[in-house]
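One structure is given here, and the rest of the page talks about it.
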Amino acid sequence: MRAPGSTMACVTVDMEQDCPPYLKTWRGVTEGTPVLLDLLAEEQVPATFFVTGELARRFPDTVYRILDAGHEVGAHGDTHANFGRLSRGDARFEIDRMTSTLGGMCRVTSFRAPYLTFPEAFVPLLDEYGYLVDSSAARYKFPGARVSRVGRVVRVPASVTSSTLRWPAWPRDWLLSHLSEPAVIFVHPWEFVDLTQARLRYDCRFKTGEPARRCLQESIRVLRRRGARFIRLAALSNTSQDRAQ
Ligand SMILES: [Zn+2]
């Protein structure tokens, strides 16, 4: 039962190489993820980490560290390809490969497409592979996006884009206080590495590093003051996650 007046909020993390397609490094995994895990532990927030199959094969210990900290691991494609540019056969290949990698590590039931782009016609593929939550739509791209269901898949849109959390406090906090439920925010681990001098788009690199950590902490506290209860996305489908034996 939810407490009267409480709302649901989800912190989600998209795990891939650093700021694709601009960089080919993995500093977010090795340097940013420990910072993020410490912050989530300090704030006692359970989160959902969407991990690419490629990342899980390169850094399995990171995936197990996320699971052992009590967070949910979801899927984020295999190679971080843009599903909007894939044929149905190639989309199936991506889903098949990510599921076989991540499914060997834990039960995976949540999915977010890279670049928050996932054609509706592909949603039945998620259902076929056992996914129960799809967080690939984005309210900031399609303001009409709402929680909906396709087959067994509950579609839960992301509320705001990741760089929004690094805005100045006043407009950011006003926006966070007015999100419709469930508030789904997302970050990338590379945002917690100082990339201010990297050759990146400004919205990717501004206030990265320690300022981004502080911004996420303040955002969590703003949502909590509004009465938010933090949940893993899988909770919206009433499933739990078991580590593979
Ligand atoms: Zn991504």
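Numbering starts at 1 and runs along the sequence shown. Counting starts at 1 for both ligands and their atoms, in listed order.
Of all protein atoms, those that are N, O or S and lie under 2.8 Å from the Zn ion (ligand 1) total 3.
We find that Glu218 and Arg221 are not joined by a salt bridge, their nearest charged nitrogen and carboxylate oxygen being 4.0 Å or further apart.
Aromatic ring orientation, Phe122 versus Phe118: perpendicular (interplanar angle above 60°, classes split at 30° and 60°). Between Trp190 and His188, the ring planes are parallel. Angles under 30° get that label, and only those over 60° would be called perpendicular.
In this structure, CZ in Phe50 is found 5.0 Å from CG in Leu233, a value given to the nearest 0.5 Å.
A cation-pi arrangement is present between Arg166 and Phe206, with the terminal nitrogen or guanidinium carbon under 6.0 Å from the aromatic centre and inside a 45° cone about the axis.
Checking Arg201, Gln17, Arg199 one by one against Tyr22, the side-chain hydrogen bond (donor to acceptor under 3.5 Å, both in side chains) holds for a single residue, Arg201.
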